[in-house]
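Below is one structure, written out as structure tokens; comments come after it.
FYI, side chains are in, hydrogens and waters are out, and symmetry mates aren't considered; it's all heavy atoms of this structure.
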Amino acid sequence: QELPETVLLKFFRPESAPVPARPTPEQLSNLIKTSLHYPESFNHSFHQKSLCLVPVTLLLSNCSQAVVDVMIDLRHKTTSSEALEIHGSFTWLGQTQYKLQLKSQEVYSLQLKACFVHTGVYNLGTPRVFAKLVDQVTLFETSQQNSMPALIIINNI
């Protein structure tokens with residue numbers, strides 16, 4: 001009677017699970033792309049109504065494959081005197097802080113209102129946007145790269 005053939009058993013020990021690489025500060029500051037949509041110039045009769053309200057859309061695009069927590073702060077003011085001379089000062093009306101969550105590749109549209117009290121050229125690019133990966137345990141969000149100045153001309157009619 002023949003003996004059954006002996007089969008060698010191989011035991012594999014899986015390598016330790018790879019630790020996901022921590023995103024670099026550069027990557028974290030590019031999670032959310034923002035763009036402002038508004039009229040290039042706006043005509044308003046300051047004699048009839050002292051406050052000029054202009055609708056502005058802040059578009060937020062999640063550029064990552066992950067879910068991202070986003071915080072928008074509209075309270076930031078331009079403080080340099082040079083910028084104030086060129087652009088003047090204006091106010092965002094309504095809520096000044098927003099917290100939201102964007103899914104992978106999601107685009108979110110936030111409707112804002114800018115309030116002006118006189119004619120001039122203004123920079124609407126003041127909203128500060130912070131973001132962090134949802135599963136990231138950090139105490140603070142990373143400031144997102146700010147785009148170019150967003151200039152609007154307010155005219156009196």
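You'll find the side chain of Val67 stays beyond 4.5 Å of the side chain of Leu133, heavy atoms only. Between Trp92 and Pro127 there is a side-chain heavy-atom pair separated by less than 4.5 Å. Within the 4.5 Å cutoff, the side chain of Thr57 has no heavy atoms near those of the Leu112 side chain. Taking the side chain as every heavy atom from C-beta outward, Asp73 and Tyr98 never approach each other to under 4.5 Å. With contacts defined as side-chain heavy-atom distances shorter than 4.5 Å, the pair Val56/His37 does not qualify. Looking only at side-chain heavy atoms (C-beta outward), Val54 and Pro39 come within less than 4.5 Å of each other.
Ring to ring, Phe42 and His44 are not that close: their centroids are 6.0 angstrom or more apart.
Open room surrounds CD on Glu40; 12 or fewer heavy atoms of other groups in view lie less than 6.0 Å from it. Within 6.0 Å of CD on Gln111 lie more than 12 heavy atoms contributed by other residues, nucleotides or ligands.
Note that OG of Ser61 and CG of Leu31 are 12.5 Å apart. Values are rounded to the nearest 0.5 Å. Atom CD of Gln97 is separated from atom CE of Met71 by 5.0 Å, given to the nearest 0.5 angstrom.
For the side-chain contact (heavy atoms from CB on, under 4.5 Å) criterion with Ile72, the lone passing option out of Thr96, Ile32, Leu60, Thr34 is Leu60.
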Applying side-chain contact (heavy atoms from CB on, under 4.5 Å), run through Asp69 and Lys99 and close with a yes or a no. CA-CA 7 Å; Asp69 280 329; Lys99 284 185 187 237; over 6 Å; no
Starting from the C-alpha separation in whole Å, work towards a yes-or-no answer on side-chain contact (heavy atoms from CB on, under 4.5 Å) for Phe116 and Ile152. CA-CA 11 Å; Phe116 305 91; Ile152 184 171; 4.0 Å; yes
Derivation and outcome, side-chain contact (heavy atoms from CB on, under 4.5 Å), residues Thr119 and Asn155: CA-CA 5 Å; Thr119 61; Asn155 298 308; 5.6 Å; no
Would you check, one step at a time, whether the test side-chain contact (heavy atoms from CB on, under 4.5 Å) holds for Val117 with Phe90? CA-CA 7 Å; Val117 291; Phe90 72 97; over 6 Å; no
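Residues Ser109 and Leu59 approach most closely at CB-CD1, 3.7 Å, considering heavy atoms. Nearest heavy atom pair, residue Gln95 against residue Leu74, reads O-CD1, 3.5 Å.
Note: Tyr122 and His118 have tilted aromatic rings, judged against thresholds of 30 and 60 degrees for the angle between ring planes.
Side-chain atoms of Gln105 and Asn62 form no donor-acceptor pair, as typed in the model, at a separation below 3.5 Å. A donor atom on one side chain and an acceptor atom on the other are not found under 3.5 Å apart for Glu106 and Ser104.
Ser64 places a side-chain N or O within 3.5 Å of a backbone atom of Ala66 that can act as its donor or acceptor partner. Put simply, the side chain of Asn156 gets close to the backbone of Phe46: a donor and an acceptor are under 3.5 Å apart. At least one donor-acceptor pair under 3.5 Å links the side chain of Tyr38 to the backbone N or O of Leu151.
Under the 4.5 Å side-chain heavy-atom criterion for grouping Ile, Leu, Val, Met, Phe, Trp and Tyr, Leu53 is not connected to Leu36 through any hydrophobic cluster.
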